Amino acid sequence: MSGSLVIVVSYLLLAVFIAAFVVRTVRMAKQPVHLRWELSPVPHEKGKGSYGGSYLEEFEWWTKPREKSLPAELIYMFLEIVFLKSLWEHNRRLWWFSFPLHFGLYLLIVMAAVLLVSTLLGLVGVPVSDYAWLREGVLAFAALGYLLGGFGAIGLLASRLSDSRLKGFTSAATLLNLALLLAMFASGGFAIVASDYFAGMLSDLTALFTAGQSTAPFDVVTVHLGFVFLFLAYLPFSQMMHFVAKYFTYHNVRWDDAPLVPGSRLERKIQRLLNQPVTWSASHLKTDGKKNWVDLATEDVPTKETPK
Amino acid sequence: MNKRSRVEDIGRRGDELLASVGPEDLGPLPPPYDKPEDRPAWKEMNDKAKDRVVCNLDGVVALSLPKPKDAAEEEEYVEKFLSGLKKLLEPQNNWTFLEPLLLSLEYCVKCQTCNDACPVFAASGGKDIYRPTYRSEVWRRLVYKYVKPHGKRFARFIHGDIDLNWTTITRLYELCYRCTLCRRCAQACPIGVDNGLITHELRKLFSQELGWAPKELHEKGTMLQLEVGSSTGMNPAVVKDNLEFIDEDMTELTGIDVKTPWDKENAEVLLIHNAGEVLAWPENPGAFAIILNAAGINWTLSSDEIGYDGVNYGLFYDDFQLARIALKHVQTAKKLKVKKIIMGECGHQHKAMMTISDRILTGDMSIPRESCLTLLEKIVFSGKIKFDPSKNDFPVTLHDPCNIVRNLGIVEPQRRILRYLCPQFREMEPHGVDNYCCGGGSGLAVMSGNNFADWRVSLGGQVKFKQILDAFADQPGPDVKKYVCAPCSNCKGQIRDILQYYKALDKSGITYGGLVELIVNAMVDVKEPFIHWEMH
């Protein structure tokens with residue numbers, strides 16, 4: 001395969017990843033403010049988060065300063081992100097596969113960051129390919145990452161196909177997600193076994209950074225990178241964006257316990273939403289395409305109306 | 001009947017039940033409730049009723065939806081459903097819950113982690129249709145196939161197949177009332193997906209677009225409340241009369257002059273009870289009056305229509321009905337120029353007024369709102385009332401209403417009171433924010449049509465009843481009287497029904513009541529026992 005074609009396809013896949021990732025994340029962040037729907041425990045509640053308490057436990061809570069604990073929230077997030085704590089507590093059977101898959105990905109992300117920095121340093125003349133400790137470290141992270149990730153992906157695939165609880169809810173998209181992950185882990189593992197992984201990665205990444213001005217052989221490392229870029233391009237279109245969504249489900253929903261303060265920015269946002277026309281058509285609402293939320297909430301209600 | 005029900009089955013074979021359920025499916029209870037033959041049989045739907053109303057889900061009918069006249073009427077409702085499905089996803093029509101709804105639509109990884117957290121699913125012996133994910137997945141597939149672009153062509157390959165027809169929407173409607181919206185499933189979800197919210201939104205779709213809602217919540221609930229002032233049907237004159245009788249009874253019972261103040265302007269506290277207390281548990285508003293008067297609180301009730309009934313069933317099925325009632329509550333408080341509104345012992349009133357309505361009470365509609373539990377804690381530990389905890393020296397356990405505890409995070413005030421006033425207080429397991437719902441949440445406690453009460457009490461209440469029995473396992477016999485404290489009207493109604501269903505007062509000596517009754521029972525100035533060991 002022509003080296004320049006590989007470069008162009010790689011750029012395209014990366015561009016799709018970045019654009020789609022940004023669009024989908026911004027779309028999540030731009031949703032209108034909603035009514036409060038918090039759910040205990042809310043870890044930032046200082047001194048209360050551990051048992052699920054909130055500021056509403058205080059007598060005349062509105063007269064007291066809100067006390068929040070950032071460390072408590074960060075600890076909660078760390079345990080949840082790194083160790084999948086809630087899965088450990090509520091679905092141990094799945095955790096044994098899901099945790100290795102996620103932890104393997106984390107190791108590979110770290111390894112990828114190290115490789116990117118190494119490539120950049122190489123481009124400015126630092127002899128990174130001569131550093132044995134760097135090579136050994138990258139290989140260790142990569143091998144462990146591929147091994148854990150592959151184990152997790154196979155375990156989850158097997159669970160999806162055999163566990164009666166999961167089978168009826170497993171769609172083709174879910175299987176495709178796992179298959180792509182498995183292809184990525186397997187090709188990476190094969191690249192470690194069958195080639196000089198560290199040198200191959202540096203050479204391929206250098207070719208990418210220099211827009212193909214440097215040469216890189218088309219080998220198993222290149223194939224592996226192909227799977228990685230394909231996975232990245234697909235990621236923003238899949239449920240695997242749940243790692244971004246999770247930020248919003250926790251911070252914007254479960255933990256969003258901010259009370260409305262008169263005159264605040266939040267209040268102004270709400271007032272704009274309240275003034276939008278509403279078109280629900282049940283007879284007890286009597287919408288006409290012009291009435292807004294406030295109109296409907298404050299008008300006299302037709303009584304004696306009997307829905308089914 | 002095959003126990004396994006696939007998601008796509010919801011739209012198929014509309015003349016058959018999707019699944020069947022009965023007392024034989026329920027898990028074991030400890031003695032003396034361990035004999036299956038001691039469990040009352042469930043009422044069967046007779047043929048006449050089956051001819052009249054839709055009965056195609058699980059053999060239980062909560063909603064009495066009339067069968068359609070003809071295919072055209074079926075089609076009309078299917079079209080309306082589709083229209084509502086779209087409106088649920090529009091910022092203009094559903095900004096109130098759009099962000100959490102879209103997150104739950106798009107990012108569920110279908111790991112089924114939430115299943116075991118659901119007391120209904122657990123009690124049913126694992127019926128597929130009661131998985132928290134089942135109705136969510138039905139909705140998700142409908143959205144992907146019928147709302148998203150090119151859905152009819154590709155969605156079944158990517159997300160799984162489903163058919164939208166009369167059978168689908170009627171089964172889904174009934175299925176929305178097999179969930180208590182306790183949100184225990186949401187708590188367990190690693191992603192933060194909320195199947196309780198999805199149920200809530202589907203109920204809204206049916207109400208706000210099709211005009212379908214349970215009679216008990218809509219016609220005899222919010223509409224009656226908006227019309228006469230209370231979902232109990234009591235108008236202002238009747239409620240004042242009833243409270244006058246309660247004052248007299250309380251005075252006679254306690255020897256303390258009990259007087260409930262009405263419509264006092266500039267009072268510190270406007271107390272709003274769930275008006276159901278006045279009719280079903282008059283000792284509860286009576287106990288509140290005794291405590292607030294003894295503590296010297298400047299308080300009042302309102303006789304404005306709606307201002308004396310904290311019930312707000314709109315919370316469970318319709319955003320606009322919720323807002324209409326919440327606004328009336330605030331208008332009442334503004335008119336009386338009170339300092340704050342105090343929620344009575346009613347869980348959904350707490351949630352409706354303190355958090356859900358918070359962001360629609362803009363501008364001058366903003367007024368402080370507080371739980372009675374924090375006020376009661378302040379009073380109990382203020383030293384203004386003398387207590388003798390030995391008067392409460394019997395086993396007491398606490399039920400945590402989901403709407404107060406899991407949803408609002410009010411966990412400790414009620415416990416501090418019970419630890420102080422009840423020497424034999426013991427927790428249920430699990431408790432606090434991990435509690436189990438009573439089985440009557442989200443309005444189910446007031447729904448008893450057809451054979452639904454059997455389902456609600458027997459299946460819905462199974463896990464809670466086992467928790468109660470386990471909490472008193474050290475003294476199981478009827479000779480030791482025991483008290484389940486449930487500071488919520490709807491929970492009390494459900495727990496009453498459970499205890500009556502199993503004859504638990506006779507067999508185990510268990511009764512139930514609110515928190516204020518225990519407080520008054522421990523007051524030194526109250527000479528006679530305030531708590532009576534009877535089923536009421």
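Keep in mind the model is a prediction, meaning the values are calculated, not measured.
Both the backbone and the side chain of Thr133(B) come within contact range of chain A, judged by heavy atoms closer than 4.5 Å. Both the backbone and the side chain of Val33(A) have a heavy atom closer than 4.5 Å to some heavy atom of chain B. Residue Tyr250(A) touches chain B through its side chain alone, counting heavy-atom pairs closer than 4.5 Å. Only the side chain of Asp194(B) comes within contact range of chain A, with at least one heavy atom under 4.5 Å from a heavy atom of that chain. Residue contact with chain A, scored on non-hydrogen atoms closer than 4.5 Å, involves the backbone and the side chain of Leu88(B) alike. For Leu327(B), the part lying under 4.5 angstrom from a heavy atom of chain A is the side chain only. Met240(A) does not touch chain B: none of its heavy atoms, backbone or side chain, sits under 4.5 Å away. For a residue to count as touching a neighbouring chain, one of its non-hydrogen atoms must lie under 4.5 Å from one of that chain's; by this rule Lys328(B) does not touch chain A. Only the side chain of Glu80(A) comes within less than 4.5 Å of a heavy atom of chain B; its backbone N, CA, C and O stay farther away. Contact annotation for Arg93(A): neither backbone nor side-chain heavy atoms come within less than 4.5 Å of a heavy atom of chain B. Proximity to chain A is absent for every atom of Gln331(B), based on heavy atoms less than 4.5 angstrom apart. Neither the backbone nor the side chain of Leu156(A) has a heavy atom closer than 4.5 Å to any heavy atom of chain B. Interface remark: Lys351(B) contributes side-chain atoms only to the contact with chain A (heavy atom separation under 4.5 Å). Heavy atoms of Ser207(B) lying under 4.5 Å from chain A belong to its backbone as well as its side chain. Interface remark: Phe97(B) contributes backbone and side-chain atoms alike to the contact with chain A (heavy atom separation under 4.5 Å). Contacts of Lys378(B) with chain A are made by side-chain atoms alone, with heavy-atom separations under 4.5 Å and no backbone atom involved. With a 4.5 Å cut-off on non-hydrogen atoms, Glu38(A) touches chain B through its backbone and its side chain both. For Ser164(A), the parts sitting under 4.5 Å from any heavy atom of chain B are the backbone and the side chain alike. With a threshold of 4.5 angstrom between heavy atoms, Arg369(B) approaches chain A through N, CA, C or O but not through any side-chain atom. Contacts of Val253(A) with chain B are made by side-chain atoms alone, with heavy-atom separations under 4.5 Å and no backbone atom involved. Interface remark: Met365(B) contributes no atoms to any contact with chain A (heavy atom separation under 4.5 Å). With a threshold of 4.5 angstrom between heavy atoms, Asp295(A) does not approach chain B through any atom at all. The parts of Thr362(B) that come within reach of chain A are both its backbone and its side chain, each placing non-hydrogen atoms under 4.5 angstrom from that chain. Using a 4.5 Å cut-off between heavy atoms, Ala117(B) does not touch chain A at all. Arg272(A) does not touch chain B: none of its heavy atoms, backbone or side chain, sits under 4.5 Å away. The parts of Pro259(A) that come within reach of chain B are both its backbone and its side chain, each placing non-hydrogen atoms under 4.5 angstrom from that chain. At a 4.5 Å heavy-atom cutoff, Leu84(A) makes no contact with chain B through either its backbone or its side chain. For Gln239(A), the parts sitting under 4.5 Å from any heavy atom of chain B are the backbone and the side chain alike.
Trp293(A) has its side chain within reach of Ile360(B): a pair of non-hydrogen atoms, C-beta onward, lies under 4.5 Å apart. When side chains are defined from C-beta on, Thr249(A) does not count as touching Val193(B), because their heavy atoms never get closer than 4.5 Å. Residues Glu106(B) and Arg24(A) are in side-chain contact: their nearest non-hydrogen atoms beyond the backbone lie under 4.5 Å apart. Contact check for Trp62(A) versus Glu370(B): side-chain heavy atoms found under the 4.5 Å cut-off. A heavy-atom distance below 4.5 Å is found between the side chains of Arg183(B) and Trp37(A). Tyr107(B) has its side chain within reach of Met28(A): a pair of non-hydrogen atoms, C-beta onward, lies under 4.5 Å apart. Looking at heavy atoms from C-beta onward, Leu166(A) lies in side-chain contact with Gln112(B) at the 4.5 angstrom threshold. Contact annotation: the side chain of His242(A) approaches that of Ile191(B) to within less than 4.5 Å [non-hydrogen atoms, C-beta and beyond].
With hydrogens and angles disregarded, no donor-acceptor distance shorter than 3.5 Å links the side chain of Gln187(B) to the backbone of Leu39(A). Looking only at distances, a side-chain donor or acceptor of Ser171(A) sits under 3.5 Å from a matching main-chain atom of Ile158(B). Under a 3.5 Å cut-off, the side chain of Arg6(B) and the backbone N or O of Phe169(A) do not form any donor-acceptor pair. In this structure, the side chain of Glu57(A) does not engage the main chain of Ile410(B) through any donor-acceptor pair within 3.5 Å.
Counting heavy-atom pairs under 4.5 Å between each of Leu361(B), Val109(B), Asn115(B), Asn94(B) and chain A puts Val109(B) at the top. The residue among Pro100(B), Pro190(B), Pro91(B), Ala188(B) with the most heavy atom pairs within less than 4.5 Å of chain A is Pro190(B). Ranked by heavy-atom pairs shorter than 4.5 Å toward chain B, the options Leu56(A), Val278(A), Thr170(A) are led by Leu56(A). Contact count against chain B (heavy-atom pairs under 4.5 Å) is highest for Arg160(A) among Met241(A), Lys167(A), Arg160(A), Glu58(A). Contact count versus chain B (heavy atoms, under 4.5 Å) is highest, among Gly263(A), Pro41(A), Pro277(A), Gly168(A), for Pro277(A). Chain B forms the most heavy-atom pairs under 4.5 Å with one residue out of Glu45(A), Glu60(A), Lys85(A), Gln31(A), and that residue is Glu60(A). Of the listed residues (Cys114(B), Gly160(B), Pro413(B), Cys189(B)), the greatest number of heavy-atom pairs within a distance under 4.5 Å of chain A belongs to Pro413(B). Of the listed residues (Leu101(B), Asp319(B), Leu205(B), Ile325(B)), the one with the most heavy-atom contacts under 4.5 Å to chain A is Asp319(B).
Between the side chains of Glu209(B) and Ser281(A), a donor-acceptor pair is found at a separation under 3.5 Å. A donor-acceptor contact under 3.5 angstrom links the side chains of Asn93(B) and Thr279(A), judged on distance only.
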Point to revise | salt bridge (charged side-chain N to carboxylate O under 4.0 Å, His left out) assessment of Lys48(A) paired with Glu412(B) | key: CA-CA 9 Å; Lys48(A) 299 175 188 295; Glu412(B) 275 297 311; over 6 Å; no
Practice item. Starting from the C-alpha separation in whole Å, work towards a yes-or-no answer on side chain to side chain contact (heavy atoms under 4.5 Å, CB included) for Glu377(B) and Phe59(A). Key: CA-CA 8 Å; Glu377(B) 182 191 18; Phe59(A) 176 74; over 6 Å; no
Check your understanding: Yes or no on side chain to side chain contact (heavy atoms under 4.5 Å, CB included) for Leu285(A) and Gln208(B), after CA distance, side-chain angles and deciding distance?
Key -> CA-CA 7 Å; Leu285(A) 297 179; Gln208(B) 295 175 186; 3.9 Å; yes
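In terms of heavy atoms, Ser40(A) sits closest to Gly409(B) at OG-CA, 3.3 Å.
Relative ring orientation between His218(B) and His284(A) is described as perpendicular, the plane-to-plane angle rising above 60° on a 0-90° scale split at 30° and 60°.
For Arg359(B) and Glu267(A), the salt-bridge test fails: no basic side-chain N is under 4.0 Å from an acidic carboxylate O. The residues Asp128(B) and Arg165(A) are annotated as not salt-bridged, no charged nitrogen and carboxylate oxygen being separated by less than 4.0 angstrom.
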